[in-house]
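Everything on this sheet refers to the single structure shown next.
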Amino acid sequence: MPENTSVYIHVPFCRRRCAYCDFNTYAGLGGFIPAYVQAVCKEIRTVAERAGERLPVHTIFFGGGTPSLLPVASIESILTACWVNFDVAPEVEITLEANPGTVTLDWLQQIRALGVNRMSYGMQSASMADLRILGREHDPVDVIRAVEWSRLAGFDNLNLDLIYGIPGQDLRRWADSLEFALRLKPEHLSLYCLTVEAGTPFRRWIDRGVLDEPEDDLAAEMYELTCQRQEQEGFAHYEISNWARRDSTRDYSCLHNLQYWRMKPYLGFGAGAHGFAHSLRTANVRGVQTYIRRCGESDQRPFPASPATEILTPIDRWTEMQETMMVGLRLLEQGVAGEDFQRRFGIGLQDAFGAQIARLTQMGLVEWSAEQSERLRLSQRGWLLGNRVFMEFIDVPRPAGLV
């Protein structure tokens, strides 16, 4: 029986590019949407055929870019391609990312009827000053309206994305944005520290002195405030940057993102999309027109590659073990279970990474949890120093005797 698989659909279209964004997105190419959607559907069909069996799919995620720019008919075509070509679970989680100012009640009602059951809104901030710096087109009223319309359309699973550590943002302004988001009663919050990426307008502005470099110490204060406030609100802090509501009947943790953090298989469709399955990592060509053209061609590469795949990278067992540690330790409650690691790789955690675990334990950055089963996870101190922890599992020499 094949393992549960997730599907990621990349929608690279935007009305304008945000100043901090380094994702594969393009403004002014909306005229290519019909051809692009046809190409995505063709890529789905090609990869599914190469799998040699109907893969069970339990999450579908439309990311971007701005997926909410897609017409309802385009979303329906892509979802239909998934249903026809995969064994999609009846309780599938289908997430669609949206900019708050791009949705209408009618559009939301129609995509809810298609099966989309989780909306993720890029709120980013409740401060107009922050939104202007980020280059966002919406305002806080758009966020309120998007949430209200989503509820009217029948959505009972909403996520809000926010960013802290924005140049010029102080602790009070971040706290106000967080309170604004909490008053909207979302089921999930993704709260990210701004990363200034090379090649973005933000990087150029900071290098020229137009903007101040974000302050690490202030960002750490914002994160600590966030953790305290979310705990007061009853959210479960299940991943470094993600919080979910839970009740006796439901856990609102994002199932799709859990697939990544557990190093489980996922297929990426669309320009610049990435995937991981059968110990192969895929990366598609990034250009929209190049992607459309490539999906009309043919090649003989095996699953999970498609004609649009630009890079196909084999992931050996030792590399997969290292990456399992890096992504698994992002899960603050679960961490990496020794029993699961042993079952998956045939070697114990201590045998594979004993020196690294000992060093990180001595530094107070990781700890063992005996709840349910023996698990290695970040300590609370390690939450703020996660990148320091993850570096311990990069380019680690292979243990002697490990095949």
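Side-chain atoms are counted along with the backbone in the values below, which use heavy atoms only and exclude waters and symmetry mates.
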### Query
When you look at CD of Q300, are more than 12 heavy atoms from neighbouring residues, nucleotides or ligands closer to it than 6.0 Å?
no

### Query
What are the two closest non-hydrogen atoms of R301 and T309, and how far apart are they?
NH2-O, 2.8 Å

### Query
Is there a donor in the side chain of H58 and an acceptor in the side chain of Q259, or the other way round, less than 3.5 Å apart?
yes

### D217 atom CG, over 12 foreign heavy atoms within 6.0 Å
no

### Task
Check the angle between the aromatic planes of H256 and Y8 and answer parallel, tilted or perpendicular using the 30° and 60° thresholds.
tilted

### Check: H274 side chain, R281 main-chain N or O, donor-acceptor pair, under 3.5 Å
no

### Task
Let me know which of N159, I111, L160 forms a side-chain contact (heavy atoms from CB on, under 4.5 Å) with M119.
I111

### Task
Heavy atoms only: give me the nearest M222-W174 pair and the separation to one decimal.
O-NE1, 3.5 Å

### Task
Over 60° means perpendicular and under 30° means parallel, so classify the ring planes of Y36 and F13, tilted if in between.
perpendicular

### Task
Determine, step by step, whether E3 and R344 satisfy the salt bridge (Lys or Arg N to Asp or Glu O under 4.0 Å) criterion, reporting the C-alpha distance in whole Å, the side-chain angles of both residues, the deciding distance to 0.1 Å, and the verdict.
CA-CA 13 Å; E3 199 170 11; R344 180 169 182 169; over 6 Å; no

### Task
Using atom types as modelled and distance alone, determine if a side-chain donor or acceptor of R245 lies under 3.5 Å from a backbone N or O of F235.
no

### Query
If you round to the nearest 0.5 Å, how far is CG of N157 from CG of L255?
8.5 Å

### Task
For the residue pair W383 and Y223, establish whether any side-chain heavy-atom pair is separated by less than 4.5 Å.
yes

### Message
Would you say that more than 12 heavy atoms from the other residues, nucleotides or ligands in this model lie under 6.0 Å from the CE of M391, or not?
### Response
no

### Task
Please determine which of E43, E297, R45 meets the side chain to side chain donor-acceptor pair (under 3.5 Å) test together with S306.
E43

### Message
For a quick test of reading the model, state the closest non-hydrogen atom pair linking S125 to S127 and the distance between them.
### Response
OG-N, 2.9 Å

#### Entry: Any donor-acceptor pair under 3.5 Å from Q169 side chain to G165 backbone
yes

### Query
Can E179 and R229 be said to form a salt bridge (Lys or Arg N to Asp or Glu O under 4.0 Å), step by step?
CA-CA 9 Å; E179 292 303 320; R229 190 68 188 90; 2.5 Å; yes

### Message
Applying the side-chain contact (heavy atoms from CB on, under 4.5 Å) criterion to L70, which one of L96, T102, I33 satisfies it?
### Response
I33

### Summary
Shortest non-hydrogen pair, W243 vs C227, comes out as CZ2-SG, 4.0 Å

### H188 side chain to Y238 side chain, donor-acceptor N/O pair below 3.5 angstrom
yes

### Query
So, do W261 and L258 sit near enough that their side-chain heavy atoms are less than 4.5 Å apart?
yes

### Query
Between R250 and D156, does at least one N-O distance fall below 4.0 Å, as a salt bridge requires?
yes

### Task
Nearest 0.5 Å please: distance from the NZ atom of K264 over to the OG1 atom of T324.
9.0 Å

### Message
Using only atom types and a distance under 3.5 Å, with no angle test, would you say the side chain of R50 pairs donor to acceptor with the backbone of P304?
### Response
no

### Message
So, taking the atom named CG in L182 and the one named CG in L162, what distance separates them when rounded to the nearest 0.5 Å?
### Response
9.0 Å

### Task
Test side-chain contact (heavy atoms from CB on, under 4.5 Å) on D161 and S120 and set out the steps.
CA-CA 7 Å; D161 277 357; S120 180; 4.1 Å; yes

### Task
Would you please indicate yes or no on a ring centroid separation below 6.0 angstrom for F393 and W318?
no

### Query
Taking the six-membered ring of F345 as reference, does the NZ or CZ atom of R317 fall below 6.0 Å from its centre and within a 45° cone about the axis?
no

### Message
Once rounded to the nearest 0.5 Å, what's the spacing between atom CE of M325 and atom CD1 of I394?
### Response
12.5 Å

### Query
Within the distance-only criterion (no hydrogens, no angle test), does the side chain of D142 pair as donor or acceptor with the backbone N or O of V103 below 3.5 angstrom?
no

### Query
Got a sec: does the CZ of F23 have more than 12 other heavy atoms crowding it under 6.0 Å?
no

### Message
For M123 versus S177, what's the shortest heavy-atom pair and its separation?
### Response
CE-O, 3.7 Å

### Query
Checking E392 side chain against I357 main chain: does a donor-acceptor pair fall under 3.5 Å?
no

### Task
Carefully, step by step, assess L376 and L360 under the rule side-chain contact (heavy atoms from CB on, under 4.5 Å).
CA-CA 11 Å; L376 185 71; L360 292 169; over 6 Å; no

### Message
Between D207 and R204, does any NZ, NE, NH1 or NH2 come within less than 4.0 Å of an OD or OE carboxylate oxygen?
### Response
no

### Message
For a quick check under 3.5 Å, do N99 and R136 share a side-chain donor-acceptor pair by atom type?
### Response
yes

### Query
So does D216 have more than 12 non-hydrogen atoms from other groups sitting under 6.0 Å from CG?
no

### Message
With a 3.5 Å distance limit and no angle check, can you tell me whether Q109 reaches the backbone of A153 through a side-chain donor-acceptor pair?
### Response
no

### Query
For D351 and F341, what are the C-alpha separation, side-chain angles and deciding distance, and is it a side-chain contact (heavy atoms from CB on, under 4.5 Å)?
CA-CA 11 Å; D351 294 327; F341 192 91; over 6 Å; no

### Query
Is it true that a side-chain atom of R173 and a backbone atom of G168 form a donor plus acceptor pair closer than 3.5 Å?
yes

### Query
Do F61 and E93 have side-chain heavy atoms sitting under 4.5 Å apart?
no

### Message
Using side-chain heavy atoms (C-beta onward) and a distance below 4.5 Å, is H237 in contact with Q230?
### Response
no

### Sole candidate of V11, V37, L114, V7 that passes side-chain contact (heavy atoms from CB on, under 4.5 Å) when paired with I78
V37

#### Entry: Sidechain N-carboxylate O distance under 4.0 Å for R330, E239
yes

### Neighbour count above 12 (heavy atom, 6.0 Å) for D316 CG
yes

### Task
Verify, without hydrogens or angle tests, whether N284 (side chain) and Y291 (backbone) share a donor-acceptor contact under 3.5 angstrom.
no

### Message
Quick check on E215: does its CD atom have over 12 non-hydrogen neighbours (other residues, nucleotides or ligands) under 6.0 Å away?
### Response
no

### Message
Can you confirm whether F303 sits close enough to L55 that some side-chain heavy atom of one is under 4.5 Å from a side-chain heavy atom of the other?
### Response
yes

### From CD1 (I60) to CG (L267), nearest 0.5 Å
11.0 Å

### Task
Return the minimal non-hydrogen interatomic distance between L331 and R262, and the atom names on each side.
CD1-CG, 4.1 Å

### Task
Take V336 and F353, measure what side-chain contact (heavy atoms from CB on, under 4.5 Å) needs, and give me the verdict at the end.
CA-CA 12 Å; V336 179; F353 300 110; over 6 Å; no

### Query
Would a distance-only check, ignoring hydrogens and angles, find a side-chain to backbone donor-acceptor pair under 3.5 Å from R375 to S369?
no

### Query
Which distance, rounded to the nearest 0.5 Å, do you find between the OH of Y121 and the OG of S150?
2.5 Å

### Query
Do E367 and R377 have side chains that get closer than 4.5 Å, going by heavy atoms?
yes

### Task
Decide yes or no for I44 and I9: does some side-chain heavy atom of the first lie under 4.5 Å from some side-chain heavy atom of the second?
yes

#### Entry: Over 12 non-hydrogen atoms of neighbours within 6.0 angstrom of CD in E231
no

